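Letters A, B, ... mirror the listed sequences (proteins, then strands); counts begin at 1. If you're wondering where the values come from, they're calculated on a predicted model, not measured in any experiment.
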Amino acid sequence: MYDAPASEQKVTQNTTKIAAHKVQVFYGDTHAIKDVDVQIEDKTVTAFIGPSGCGKSTFLRCLNRMNDTIDICRVEGDILLDGEDIYDAKVDPVQLRAKVGMVFQKPNPFPKSIYDNIAYGPRIHGLAKNKADLDEIVEKSLRRGAIWDEVKDRLHAPGTGLSGGQQQRLCIARAVATEPEVLLMDEPCSALDPIATGQVEELIDELRENYSVVIVTHSMQQAARVSQKTAFFHLGNLVEYGETGQIFTNPVDKRTESYITGRIG
Amino acid sequence: MTDAATNPGAATPRKSSLLTLDDRTRRRNASEARFKAYGITAIAVALFFLIVLLFSILRSGLPAYTTTVADVEFTVTQAQYEEAESQLFKTKAYEQLFIAQLQDQLTESGMQVEFDAAAIERIMGKVGGNIREFYQANPDQLGQPVSFELSSSSRVDGYYKGRVTREGLQESRFLQLSDLDLVDALAEAGIIRQAFNWNFITGADSGVDNPGGAGIGASVVGSFFMMLVVLFLALPIGVAASIYLEEFAPKNRWTDLIEVNISNLAAVPSIVFGILGLAVFIQFMHLPQSAPLVGGLVLTLMTLPTIIISTRASLKAVPPSIRDAALGVGASKMQAVFHHVLPLAMPGILTGTIIGLAQALGETAPLLLIGMVGFVARGYPDGIAAGFVDPNSAMPAQIYTWAARADVAFYEKAWGGIIILLLFLMTMNIIAIILRRRFERRW
Ligand SMILES: Nc1ncnc2c1ncn2[C@@H]1O[C@H](COP(=O)(O)OP(=O)(O)O)[C@@H](O)[C@H]1O
Ligand SMILES: [Mg+2]
């Protein structure tokens, strides 16, 4: 699918999964995200692009409250997941993160077996009633992660012994094992070679069937290949947000145009 | 940079050959070789001192593991027993029997030595009493040959170990020159010989006048109970404190202050902890003096900073991406720490703990202050609970006490004790290595 031009990609109208309203993020005194309003759709791949340091990761990490782990980080504004404010005092971030899974820039499998990598999430969330259940979840997740065939014979070998691309797909499989509704990916391919990148991109496209996927990428080609919606960030502002085809062929904002034509970077 | 110097301008053809070293490379290689030489020298010097140390420890300490004993085969008949029991000085009577038979045995081996009861007492102690006690306890042995192993006096022992020489001997009521002739004769007849000194390993401390009877066993037990206290207090407290400080505590002025203080505590001299223990645990809380429990508490205070510092370092060394991964699949902070971070930090934590324990095991000064001095270790505690609260000493304090005693025979005991202490330390280090390997392989 990733050789299809962006403009030809099928655009469907989906319901809003995540709605952010006037989000501000501060790291101490640094104002990293300014007034961001965005509606992320269900069963859609949304790409965040922009020059490095513009706040893509910061905003992504707001969506599952991973920013809570940074002491100096402060988030203002509302972020609604299915209409519920995820920064509400009553929300336990642990419960939120089971619904909003995350894949990181650098593949970070647990230093455990492949099986345990996948089984860990379902175990702590009590998703499997017995061993057979768990085995099934592991197999299903590894299949969704498009890595089952490569690892089915060595489920009990260390996950850290896989190649970089395999590790990243393992991490994606681990993220989907907890049955999330949203999958956040922070530059999931930046540590991978082109072939592994291709595999992961294909996988992302398949994941769209079941999840709302948000992917941060510094590669505009990648955004064009995998996403239906694109958000362009610049210096902490959300400059432009729209259909991927439109952003890449007919950007409204001058800055977006400069960026995609290579003048800001 | 090097290229620029030797090969300016890309257009000019290469002037220097790869087959000859240029000056800069030669200088660089020379300095590298010099650095390696320094390193090797440093290691050689360290090894040399280590070998000297080990050699002198073994040379001075090994004699503590042998002792001089007199093996005498000896028979007392029923009639002799009854006659001896009917006399006024009963032990004297047994001694006479013993001397008579010893004389016979010597003559049999073809030796003519004159000796009296006093000489025998100087060499083997009060044999008469020992023999009487034996036959009173085992009357069925009367009439049969019985082999007695009598330990010889520490001066005779010293004669074999070179502490006592014929030339340097000052005749006294403890040993006379003629006794040495008798000792030589007895040795030639195979009656006096060297034996392994089990008592040194299993025994307790003896009085200042009996170096031969001194053993380190009781204080090993004291050390063991202290280490139990340290392990079961310092490890959980230290690890819990480190996990809290490292993973949960907010970073603010208070935690900074705590951090600085922990680092400072690690550098506080151990005697300060000793006097603190004396004031708090004994004078204020009225815990028993000289008890391994108190020693363990004091050493726990001393070990905690070491454990906390090394545990925090190994927690810090766990890559943050592992925490992110766990939080990312919806683990709580505590699950992330206990399921993922802690297992990875385990080898470091164990190493730190065992180093802390080893430090505590070798600590003397604080023990002296709370009364765990060597002469307290006069026997084994009778039970687990008593092991914690009964007065006892510990290995290093026992060694210190021996080294400080006037009789040179104790000096050898001190060195012998050091060998035992080092064996324990080595065992602990080996355990640390094994545990580290195991946990690392399990990743
Ligand atoms: N942990 C942090 N502490 C302080 N400042 C941070 C932290 N993480 C990011 N920032 C700042 O926030 C801004 C946005 O960073 P980030 O979201 O990582 O950008 P991007 O992912 O788009 O490259 C940058 O200016 C960066 O310096
Ligand atoms: Mg980033």
Side-chain angles (χ1 to χ4, degrees), chain A residues 57 60-61 63-72 92-113 116-127 141 157-161 167 170-180 183-186 191, chain B residues 241-260 311-351 435-443:
Chain A
S57 301
L60 190 76
R61 289 164 64 89
L63 302 182
N64 70 343
R65 292 185 57 173
M66 279 301 271
N67 281 337
D68 291 13
T69 60
I70 301 169
D71 280 339
I72 55 166
D92 188 330
V94 170
Q95 238 169 315
L96 170 69
R97 287 183 205 132
K99 280 190 171 195
V100 184
M102 187 153 194
V103 176
F104 298 84
Q105 182 166 359
K106 225 179 98 228
N108 56 354
F110 298 127
K112 296 180 187 295
S113 70
D116 285 338
N117 260 283
I118 306 296
Y120 181 70
R123 268 197 200 122
I124 58 171
H125 295 300
L127 297 185
S141 309
T160 40
Q167 285 189 15
L170 178 68
C171 290
I172 294 174
R174 179 178 67 190
V176 301
T178 54
E179 299 287 336
L183 209 50
L184 308 178
M185 301 187 173
D186 192 350
Chain B
S242 325
I243 291 178
Y244 178 74
L245 284 175
E246 198 55 45
E247 305 282 342
F248 293 95
K251 304 275 172 281
N252 58 27
R253 272 210 322 238
W254 291 110
T255 44
D256 283 350
L257 194 71
I258 290 173
E259 200 166 334
V260 169
T311 302
R312 291 190 66 178
S314 39
L315 288 174
K316 266 201 191 85
V318 175
S321 66
I322 296 294
R323 294 179 181 83
D324 284 347
L327 296 179
V329 296
S332 67
K333 197 151 184 177
M334 188 154 153
Q335 285 172 327
V337 170
F338 281 87
H339 296 166
H340 299 288
V341 179
L342 208 51
L344 290 178
M346 217 47 180
I349 294 175
L350 287 177
T351 314
L435 284 178
R436 198 161 48 194
R437 287 267 165 80
R438 262 203 56 188
F439 276 93
E440 262 170 8
R441 222 173 279 150
R442 242 191 52 193
W443 43 264

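More than 12 heavy atoms of other shown residues, nucleotides or ligands fall within 6.0 angstrom of atom NZ in B:Lys333.
Heavy-atom minimum distance, A:Arg97 versus B:Leu327: CD-O, 3.1 Å. Shown here for B:Ile322 and A:Pro109, the closest heavy-atom pair between the two residues is CD1-O, 3.8 Å. Of all non-hydrogen atoms in A:Pro111 and B:Leu344, the two that sit nearest each other are CG-CD2, 3.5 Å. Closest of all the heavy-atom pairs between A:Asn108 and B:Ala325 is ND2-CB, 3.4 Å.
Scanning for ring-ring contact (aromatic ring centres under 6.0 Å, His included) contacts around B:His339 gives A:Tyr120, with sequence neighbours left out. Listed by chain and number, the residues in a side-chain contact (heavy atoms from CB on, under 4.5 Å) with A:Pro180 are A:Thr178, A:Leu183, A:Tyr211 (sequence neighbours excluded).
Taken from NZ in B:Lys251 to CG in A:Asp71, the straight-line distance is 6.5 Å, to the nearest 0.5 Å. Atom-to-atom distance recorded for A:Gln105:CD and B:Asp324:CG is 11.5 Å, nearest 0.5 angstrom. One finds the CD atom of A:Gln95 at 12.0 Å from the OG atom of B:Ser332 (value rounded to the nearest 0.5 Å).
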